[in-house]
Amino acid sequence: MKIINKFQKSGIDKILPDAKIDEFLFEPCGYSINGLLPHGQYFTIHVTPEPNCSYVSFESNVPKVDQAQMLLREL
Ligand SMILES: C[S@@+](CC[C@H](N)C(=O)[O-])C[C@H]1O[C@@H](n2cnc3c(N)ncnc32)[C@H](O)[C@@H]1O
């Protein structure tokens with residue numbers, strides 16, 4: 001199932017406004033979002049909500065200083 005606006009609802013669009021986004025809501029559950037940023041930067045988030053092994057992963061090559069600045073700007 002392709003979804004629209006999940007990204008905006010999450011607020012990630014405000015933290016990383018330049019990202020080109022591809023996101024997917026799995027059936028019956030699960031969510032993935034991949035974002036490409038200028039200068040070859042990226043981030044990816046995966047949500048696995050199964051009761052017996054739920055987790056959320058976040059991976060990015062955006063420098064930590066930039067991430068902190070983006071979070072502070074959002075706060
Ligand atoms: C967010 S996806 C991430 C998958 C991960 N990128 C991988 O390659 O295994 C994982 C979640 O999606 C659900 N899901 C549903 N259909 C799936 C499918 N065809 N492939 C991978 N995950 C699926 C899983 O049950 C889990 O909750």
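For ligands, and for the atoms within them, numbers begin at 1 and follow the listed sequence. Just so you know, these numbers come straight off a predicted model, no measurement behind them.
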Which residue and non-hydrogen atom of the protein lie closest to [atom], and at what distance in Å?
atom: atom 13 (C) of ligand 1; value: C29 O, 3.1 Å
atom: atom 21 (C) of ligand 1; value: F26 CE2, 4.0 Å
atom: atom 4 (C) of ligand 1; value: H46 ND1, 4.6 Å
atom: atom 10 (C) of ligand 1; value: T48 OG1, 3.4 Å

Below 3.5 Å, N or O to N or O, backbone or side chain included: is there any such pair between E50 and ligand 1?
yes
Pairwise distance [atom1]([X]) to [atom2]([Y]) - rounded to 0.5 angstrom:
X: Y42; Y: S60; atom1: OH; atom2: OG; value: 6.5 Å
X: L25; Y: I33; atom1: CG; atom2: CD1; value: 11.5 Å
X: L37; Y: I21; atom1: CG; atom2: CD1; value: 7.5 Å

Same cluster for V47 and F58 if Ile/Leu/Val/Met/Phe/Trp/Tyr side chains link at under 4.5 Å?
yes
Counting distance only, does the side-chain N/O of N34 pair as donor-acceptor with the main-chain N or O of K20 below 3.5 Å?
no
Which of the ligand 1 atoms, numbered from 1, are nearer than 4.0 Å to a heavy atom of [X]:
X: S32; result: 1 (C), 2 (S), 3 (C)
X: V47; result: 1 (C), 11 (C)
X: Y31; result: 1 (C)
X: G30; result: 11 (C), 12 (O), 27 (O)

Would you indicate whether the side-chain heavy atoms of C29 and E50 approach each other to under 4.5 Å?
yes
Within a strict 4.5 Å, meaning less than it, do heavy atoms of the H46 and Y31 side chains meet?
no
Closest non-hydrogen contact found for P38 with D18 is CD-CB, 3.8 Å
Considering all protein heavy atoms, does one lie under 4.0 Å from atom 1 (C) of ligand 1?
yes
Any non-hydrogen protein atom less than 4.0 Å away from atom 7 (C) of ligand 1:
no
